[in-house]
Amino acid sequence: MLDIELIRERPEEVKAALARRGIEPPLDRVLELDAQRRSLLTEVENLKAERNRASKEIGKMKDAALREERIAAMRALGERIDALDAQVRQANEALHALIIEIPNLPDPSVPDGADEKDNVVVRQVGEPKGFDFEPKPHWELGPALGILDFERGVKITGSRFYVLSGAGARLQRALIAWMLDLHQRQGYLEKYPPFMVRSETLFAAGQLPKFRDNLYKDHEEDLWMVPTAEVPLTGLHMDEILEADTLPRHYTAYTPCFRREKMSAGRDVRGIKRGHQFDKVEMYTFCTPETSDEELQRMLSHAEETCAELGLAYRVIELCTGDLGFNARKTYDLEVWAPGCGEWLEVSSVSNCGDFQARRANARYRPQGGGKPRFLHTLNGSGLGLPRTLIAVLENYQQPEGTVLVPEPLRPWMGGLEVIEPEASL
RNA sequence: GGAGAGGUGCCGGAGUGGACGAACGGGGCGGUCUCGAAAACCGCUGUGGUCCUUGUGGCCACCGUGGGUUCGAAUCCCACCCUCUCCGCCA
């Protein structure tokens, strides 16, 4: 959520920044409602001050007749206050409804662009692996090895669901455990949050109301399945004021993620690249405004380390203004080469959200040496999205005969297993 | 799910219609005292909004949340949420 004060005081700057995203929100309407709201407030608060004064006097009055007269007068005043209060509420709601739909302002350093075609490749680390045979896509490798079962996933749940089996299931678990341990070494505190949250938490993280269509919701209660660990992690410090000397805070969490993927109906239906349920290990940072730029670079390097340790070639993409997510003011994507599918897979997305989410979450900190609380900055980054990392591992480590080597760092979590061979039975 | 108790400031805890933004105690911060510290004493110590003649300023709002009653609500009424205790059920 943008700062209404910023919009009020520097509307042209805000407008220009949003224009870089290629959008033109109704800022004039926002300003109009804001002015209206404030003038109504002044009016009604003056009346309330009058009422408060009069009520105090009435409490002390002895003369019954005078008292009755005064009370009658105040009754009329009360009605005017009620009417004005209703108008204030209306203006407030209208203003709020507009402002919560406006995305974050891009950081000045973000390259201009219309869509993903204008994203910038910052660097590439490692070369896509060469094969002296035709590498297979994971949707052939997996079922052949008996570690990936599409049919039964569809049978028990529906399209875009699958079952991992045997070494496949274990490989995924190994990746999760290994990543969590790695992030812990990188200085992140592990969290195990709820996988269901209240709408308030989704609002704080910027998922509601705009992305309602992409979320799964309980039909009886105000409980929603998390679309990413970013949501519960953002919620961690809702309505809190953290002491400056406890910052920055680095958290990591594993959660499954649930997404309807309505927007991408019919896209990536092959394989496990895009499902309604997937696992992810997330990194998250709460920090002061002064350090969020460097925190972003640090977090990016941590995500890169994850790819590098797995021996996967990757490239770092900086998103252009037109491709930036709703909450983000600057984002890097990490893409890993998948030789079977023949494409660069987005396995991570690392963003600095500035105070955008913190404002929605009312998450603040007390500056060093005291003073008024200020909004925190929040950053999030995938420690790597699981199915896609799994794809990359399977496709990059496949052998001519169809087996798959287990990357060195994962072996301790695989009971020392070095090669995934066909499972005896599904 | 049933029965009961309860949600007040950083913490504990008073407050059942007007003098309560909130007693009292603790904590924290500042000061006095001291070579220094402790003790003692004194003072300060919430958040948001809004207005202006930007100040150790005025006003408004906030006592779980949302409604209601009233000239006036922390206090009365209704609904909901949460916590605790006991019972039941259950991984």
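Protein chains get the first letters and strands the later ones, always in sequence-line order, with residue 1 at the start of each.
Comparing A:Ala72 and A:Arg8 against RNA chain B, the residue whose closest nucleotide sits nearer the 5' end is A:Arg8. Nearer to the 5' terminus of RNA chain B, by closest-nucleotide assignment, is the contact made by A:Arg366 (compared with the other of A:Arg366 and A:Glu5).
For the contact set between residues 75-95 of chain A and RNA chain B, defined by any heavy atom under 4.0 Å, the members are A:Arg75. Listed by residue number, there are no residues of residues 189-200 of chain A with a heavy-atom contact under 4.0 Å to RNA chain B.
For the residue pair A:His302 and A:Glu305, no side-chain donor N or O sits within less than 3.5 Å of a side-chain acceptor on the partner.
Straight-line distance between the C1' atoms of B:rC44 and B:rG49: roughly 24 Å, to the nearest whole Å. Here the separation of B:rC71 from B:rC10, taken at their C1' atoms, is 36 Å to the nearest Å. Spacing of C1' atoms, B:rG68 relative to B:rA73, comes out at 12 Å, to the nearest Å. Rounded to the nearest Å, the gap between the C1' atom of B:rU69 and that of B:rC77 is 7 Å. B:rC59 and B:rC42: their P atoms are spaced 29 Å apart (whole Å). Separation of the C1' atoms belonging to B:rU45 and B:rC11 is 14 Å when rounded to the nearest angstrom. The C1' atoms of B:rG9 and B:rG4 are separated by 28 Å, rounded to the nearest whole Å. Atom C1' of B:rA5 sits at a distance of 31 Å from the matching atom of B:rA61, rounded to the whole Å.
A:Asp323 has its side chain out of reach of A:Asp115: every pair of non-hydrogen atoms, C-beta onward, lies at least 4.5 Å apart. You'll find the side chain of A:Asn352 reaches within 4.5 Å of the side chain of A:Ser292, heavy atoms only. Here the side chains of A:Tyr216 and A:His276 are in contact, with some heavy-atom distance below 4.5 Å. Contact annotation: the side chain of A:Leu180 approaches that of A:Ile176 to within less than 4.5 Å [non-hydrogen atoms, C-beta and beyond].
One finds a salt bridge joining A:Asp293 and A:Arg329 here, because a Lys/Arg side-chain nitrogen approaches an Asp/Glu carboxylate oxygen to under 4.0 Å. In summary, A:Arg67 and A:Asp63 do not engage in a salt bridge, as defined by a charged side-chain N under 4.0 Å from a carboxylate O.
Nucleotide B:rA40 has B:rU32 as its partner under the Watson-Crick or G-U criteria, with both atom distances under 3.5 Å. Using Watson-Crick or G-U wobble geometry with both donor-acceptor distances under 3.5 Å, B:rU45 finds its partner in B:rG27. Using the Watson-Crick or G-U wobble rule with both distances under 3.5 Å, B:rG9 pairs with nothing in any strand shown. Remark: B:rA19 base-pairs with no nucleotide in the shown strands. Criterion, Watson-Crick or G-U wobble with two distances under 3.5 Å. With a cut-off of 3.5 Å on both Watson-Crick or G-U wobble distances, the partner of B:rG57 is given as B:rC51. With a 3.5 Å ceiling on both atom-pair distances, the Watson-Crick or G-U wobble partner of B:rU85 is B:rA3. Within the shown strands, B:rA79 is the pairing partner of B:rU65 under the Watson-Crick or G-U definition, both distances less than 3.5 Å. Partner assigned to B:rA14 is none, using Watson-Crick or G-U wobble distances below 3.5 angstrom.
Counting any heavy atom pair closer than 4.0 Å across all strands shown, A:Arg38 reaches sugar-phosphate atoms only and no base atom. Among the heavy atoms of the strands lying under 4.0 Å from A:Arg51 are primed sugar atoms or P, OP1, OP2 only; no base atom is included. Nucleic acid contact for A:Ile58: base, since at least one base atom lies under 4.0 Å from a heavy atom of the residue.
To the nearest angstrom, P of B:rC82 lies 16 Å from CG of A:Asp239. Going from atom CE of A:Met238 over to atom P of B:rC81 covers 18 Å, rounded to whole Å. Distance CD1 (A:Ile71) to P (B:rC71): 7 Å, rounded to an integer number of Å. In this structure, A:Glu69 atom CD and B:rC71 atom C1' are separated by 13 Å, rounded to whole Å. One interatomic measurement links the two molecules: CZ of A:Arg364 to P of B:rC10, which rounds to 11 Å at whole-angstrom precision. In this structure, A:Leu41 places its CG atom 17 Å from P of B:rG48, rounding to the nearest Å. In this structure, CE of A:Met61 is placed 18 Å from P of B:rG18, rounded to the nearest angstrom. Atom-to-atom, CD of A:Glu43 to C1' of B:rG49 comes out at 17 Å; the value is rounded to the nearest Å.
Comparing B:rG72, B:rG49, B:rG48 against the side chain of A:Arg37 picks out B:rG49 as the nearest. When each of B:rC71, B:rU50, B:rU47 is scored by its nearest atom to the side-chain atoms of A:Thr42, the top-ranked nucleotide is B:rU50.
Interatomic distance, CD of A:Gln368 versus CG of A:Asp245, reported as 5.5 Å (0.5 Å rounding). Residue A:Leu98 holds its CG atom at 7.0 Å from CZ of A:Arg29, rounded to the nearest 0.5 Å.
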Using a cut-off of 4.0 Å between protein heavy atoms and nucleotide atoms, how would you tag nucleotides 52-60 of chain B 5' to 3' with B, S and -? -------BB
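When A:Lys273, A:Arg388, A:Glu395 are each tested for a side chain to side chain contact (heavy atoms under 4.5 Å, CB included) with A:Cys341, only one passes: A:Glu395. For the pairing with A:Thr288, the side chain to side chain contact (heavy atoms under 4.5 Å, CB included) check across A:Leu242, A:Leu247, A:Leu376 returns one residue only, A:Leu247.
Between A:Phe203 and A:His96, the ring planes are tilted. Angles from 30° to 60° get that label.
Nearest heavy atoms, A:Pro11 versus A:Leu27: O-CD1, 4.3 Å.
The environment of A:Glu290 atom CD is dense: over 12 non-hydrogen atoms of other residues, nucleotides or ligands sit within 6.0 angstrom.
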